[in-house]
Amino acid sequence: MKGNKIMRATETLISTLREVPADADIVSHQLLLRSGMLRKVAAGIYTILPLGHRVLLKIEAIIREEMNRAGGIELLMPIIQPAELWQQSGRWDVYGPELFRLKDRHERSFCLGPTHEELFTELVRQEIRSYRQLPLMLYQIQNKYRDERRPRFGLLRGREFIMKDLYSFDIDENGLDLSYRKMYAAYNRIFTRCGLDFRVVDADPGAIGGNDTHEFMVMADTGEAEIVFCSACDYAADVEKAPCPVESQTAPAALQPLQRVRTPGTHTVSEVAEYLGIPAEQVLKILMYVTDDEPVAVLVRGDRSLNEIKLKNYLHTNVLEIADEEDIAGRFGLPQGFAGPVGLGGRVRLLADNETKNLSNAVAGANEPDFHYRNVNYGRDYQVEDFADFRLAQEGDICPKCGQPLQLKRGIEIGQLFKLGTKYSKAMGANVLDESGREIAVVMGCYGIGVTRTLAAAVEQWHDQDGIIWPSSIAPYEAVIIPVGQHDSLQADLAEDLCRQLTDSGIDSIYDDRPERPGVKFKDADLIGYPVRIVINRDSATDGLVEIKWRASGAVERIPKDTAAAYLRHKLTTDDYPL
RNA sequence: CGGGGUGUAGCUCAGCUUGGCAGAGCGCACGGUUCGGGACCGUGAGGUCGAAGGUUCAAAUCCUUUCACCCCGACCA
């Protein structure tokens, strides 16, 4: 490839900020603003500037290649969707204020699509008649809109964002499984190629069938999701969804006689434990909740946290709020901080976490101020309606798959695979005729990647105090060329020549020809995060050497200018940059 | 939607308590000196102080209303 136009910094828009913009709080938001890749237009709505746009295009290109490789067919759907389709699926009413709604001049209702299940299902309903036309995997890369209550974290949670969404259409569950596996493999390839450190998480391991939905999470300390994962096997799960198997029980202790003790002013588990000189895990913690209809009390071990999602799923309730002091006194008739299961029978619905069943000679509130019971034992001293898994997983728990201890890390969700089944096809009548001429509902899956979110997540993961450290596969440019003396035409010519050589050999390069001092260009190069920086100085003209500095490692090498293109090409395509 | 906070020059912020000429640093323009990690000197441009109303001789400053934005929570990808 010869004769490519080379990119000069003076011919594009590079506007970096020295200071951290006041309304950016997390590092990806700050660095994307400072490096001149992003500007805010309104809360949760952004312009992606030329440098950021190049990153976006590279991520999209990787996604396209892998979707196409896996058999996906690209199309483009509108952002504006008619209300009727959403009414057919039933989601017009349930989606709530998060749906951007609008009306045209004829008072017809539309929305800005937060997702596209309806449109894809409608398309297949209209176009697909026979099982012979399946399987089919259709996808698009398109803007999505969600009127978030609180947009935040910059691109990580905007009101407008770009998503790749693919929908698979099969005649049966086996077909869906196959489509799902193809997407699973494709997602692994995509995020690996993007240079991200990610984990695949069982999003709903409790569901029958096991592998119904997976989330792809980028590991980053600033992530909004907490993930437990096994150090020994490949198990990983969202902490809120991770099941908590009960650890094997040591021989039960001999039951001691129930004993009422005075524990003045000990309202919390840690206060009680400290006062009585016992570990927190010997305390039975009781939590009171208000639900749709009746109040519910739940027991967990004193050193554990209750997982409200598990409780909510168990109760099938819409409302689930922890009872405040007023509720506890009023609805439950109990003293806050001194409630317990003993003698609670019949007064309130009582559930308990599995783990509490094996707790012998525990401490629990005596249901009167300033008193607890010692040696409380299930069966003898209290009954519960049911035992179930109600606790929140935590670091050090045992892996449900292999029994080894779990670790805890934070992550950012960038992709999700989901088996929809026939939910939408049945609601909207997307049927085909099978081999026997029978009409069957199409079996669907949906597979999303947050494209803009992936961009931000990459920055969250790859940065240092000087700026972004782009993986070379998604960097806005792979290399920047900086002549130390921009005014020296000899150096400038060398720089331009080198930029042309690199560009011609397929290395995405930019020549920083701005009339700035070298220090400014170095700072900007670090901030923008070009993987490779090439510096040309006065000596380069005579000795023919240029300096190469790698952004990730900081390593510096001096090599002959004319071998730079071949050398970099080799390094960038074979090394595991930047890991 | 509940709680908290902030709106003053392109950016970061001071000034507000106690009303009295609208400020600093950075950036920008021009001239000069510089030129391997955000140079220096000089000159200059740039603001309806978020908006509306009120109090006052006088409002960035006090009062009311409103809008925008940020943070925590709830919710969510």
Side-chain angles (χ1 to χ4, degrees), chain A residues 14-26 29-30 33-36 39-46 95-99 114-115 144-165 201 203 213-218 223-225 238 240 308-309 312 318-322 324 411-418 446-454 456-457 465-467 482-488 491-492 512 514-528 533-540 546-547 549 551 554 556 558:
Chain A
I14 295 180
S15 52
T16 53
L17 304 173
R18 281 189 192 213
E19 306 197 62
V20 180
D23 54 5
D25 206 51
I26 62 161
H29 194 193
Q30 291 175 351
L33 290 169
R34 285 192 59 208
S35 62
R39 289 293 181 264
K40 186 172 75 180
V41 174
I45 298 176
Y46 298 92
Y95 217 92
E98 214 171 78
L99 191 63
T115 175
K144 307 284 184 200
Y145 296 82
R146 290 186 195 173
D147 194 0
E148 288 284 334
R149 279 181 184 177
R150 177 147 98 88
R152 56 180 147 174
F153 305 143
L155 277 188
L156 285 176
R157 186 183 232 56
R159 291 193 289 176
E160 178 184 75
F161 53 98
I162 301 173
M163 250 182 106
K164 183 286 302 179
D165 49 334
V201 166
T213 169
H214 288 91
E215 289 174 351
F216 283 72
M217 316 280 299
V218 166
E224 81 277 88
D238 188 312
E240 293 188 325
E308 294 191 358
I309 291 174
K312 203 168 177 178
N318 290 317
V319 176
L320 183 72
E321 284 170 13
I322 187 121
D324 55 25
I412 300 165
E413 186 191 333
I414 50 174
Q416 181 161 26
L417 312 180
F418 206 78
C446 80
Y447 316 84
I449 293 178
V451 181
T452 34
R453 188 171 239 228
T454 299
Q465 66 282 356
D466 292 320
I482 300 174
V484 166
Q486 186 64 54
H487 54 283
D488 176 355
Q491 291 182 48
D512 192 346
R514 293 176 301 168
E516 293 284 351
R517 296 164 60 83
V520 172
K521 297 187 185 182
F522 294 157
K523 286 287 185 188
D524 274 353
D526 287 348
L527 181 58
I528 291 166
R533 186 189 83 185
I534 304 175
V535 176
I536 285 172
N537 63 18
R538 196 174 305 150
D539 300 332
S540 299
V546 296
E547 173 189 287
K549 182 172 185 182
R551 176 69 177 89
V556 175
R558 292 176 65 77

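What you are looking at is a predicted structure, and each value in this text was computed from that prediction instead of being measured. So you know, we letter chains A, B, ... as the sequences are listed, proteins then strands, and number each from 1.
Rounded to an integer number of Å, the gap from CD1 of Ile528(A) to C1' of rG37(B) is 15 Å. Between Asp23(A) atom CG and rA68(B) atom P there is a gap of 15 Å when expressed in whole angstrom units. In this entry the distance linking CD of Glu98(A) with P of rA77(B) reads 8 Å, nearest Å. When rounded to the nearest whole Å, the span between CZ of Arg152(A) and P of rG73(B) equals 6 Å. Atom CD of Glu148(A) and atom P of rA77(B) are 9 Å apart (whole Å). Counting to the nearest Å, the C1' atom of rG37(B) and the CG atom of Asp524(A) are 11 Å from each other. Here rA74(B) presents its C1' atom at 10 Å from NZ of Lys312(A), a figure rounded to the nearest Å. One atom, CZ of Arg34(A), and another, P of rG38(B), lie 14 Å apart when rounded to the nearest Å.
The CD1 atom of Ile449(A) sits 11.5 Å away from the CD atom of Glu413(A) when rounded to the nearest 0.5 Å. Taking OG of Ser35(A) as the start and CG of Asp526(A) as the end, the distance is 12.0 Å to the nearest 0.5 Å.
Between the side chain of Thr213(A) and the backbone N or O of Leu417(A), at least one donor-acceptor pair lies under 3.5 Å. The backbone N or O of Tyr447(A) lies less than 3.5 Å from a partner atom in the side chain of Lys164(A), making a donor-acceptor pair.
Closest to the Val520(A) side chain, of the nucleotides rG37(B), rG38(B), rC69(B), is rG38(B). Here the nucleotide nearest the side chain of Pro21(A), chosen from rU12(B), rG37(B), rA77(B), is rU12(B). For Ala22(A), taking side-chain heavy atoms from C-beta onward, the closest of the listed nucleotides rU12(B), rA77(B), rG38(B) is rU12(B). Nearest to the side-chain atoms of Leu527(A) among the listed nucleotides rA77(B), rG38(B), rG73(B) stands rG38(B).
For Glu148(A), the side-chain contact (heavy atoms from CB on, under 4.5 Å) test picks out Glu98(A), Arg146(A), Pro151(A), Arg157(A), Arg159(A), with sequence neighbours left out. Listed by chain and number, the residues in a ring pair (Phe, Tyr, Trp, His ring centres under 6.0 Å) with Phe161(A) amount to none (sequence neighbours excluded). Among residues two or more places apart in sequence or in another chain, the side-chain hydrogen bond (donor to acceptor under 3.5 Å, both in side chains) test is passed with Arg18(A) by none.
Each of Arg453(A) and Ala43(A) has a nearest nucleotide on RNA chain B; the 5'-most of these lies closest to Ala43(A).
Between the side chain of Arg514(A) and the base of rG38(B), no donor-acceptor pair under 3.5 Å is found.
For the P atoms, the distance from rG4(B) to rG47(B) is 36 Å, rounded to whole Å. With both ends at atom P, the span from rU17(B) to rG32(B) equals 47 Å, rounded to whole Å. For rU56(B) and rG50(B), the C1' atoms lie 23 Å apart once the distance is rounded to whole Å.
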Grab the N/O contacts between the protein and nucleotides 22-26 of chain B below 3.5 Å, and write none if there aren't any.
{"from": "rG25(B)", "atom 1": "N2", "to": "Glu19(A)", "atom 2": "OE2", "distance (Å)": "2.7"}

Pairs under 3.5 Å (N/O, protein and nucleotides 1-9 of chain B):
none

Review item, nucleotides 33-36 of chain B N/O atoms under 3.5 Å of protein N/O:
{"from": "rU34(B)", "atom 1": "O2", "to": "Arg517(A)", "atom 2": "NH1", "distance (Å)": "2.8"}
{"from": "rG36(B)", "atom 1": "O6", "to": "Asn537(A)", "atom 2": "ND2", "distance (Å)": "2.2"}
{"from": "rG36(B)", "atom 1": "N1", "to": "Glu547(A)", "atom 2": "OE1", "distance (Å)": "3.1"}
{"from": "rG36(B)", "atom 1": "N2", "to": "Glu547(A)", "atom 2": "OE1", "distance (Å)": "2.9"}
{"from": "rG36(B)", "atom 1": "N2", "to": "Glu547(A)", "atom 2": "OE2", "distance (Å)": "2.7"}

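A 6.0 Å sphere centred on CZ of Phe522(A) holds more than 12 heavy atoms belonging to other residues, nucleotides or ligands.
No side-chain donor-acceptor contact under 3.5 Å links Ser540(A) and Gln491(A).
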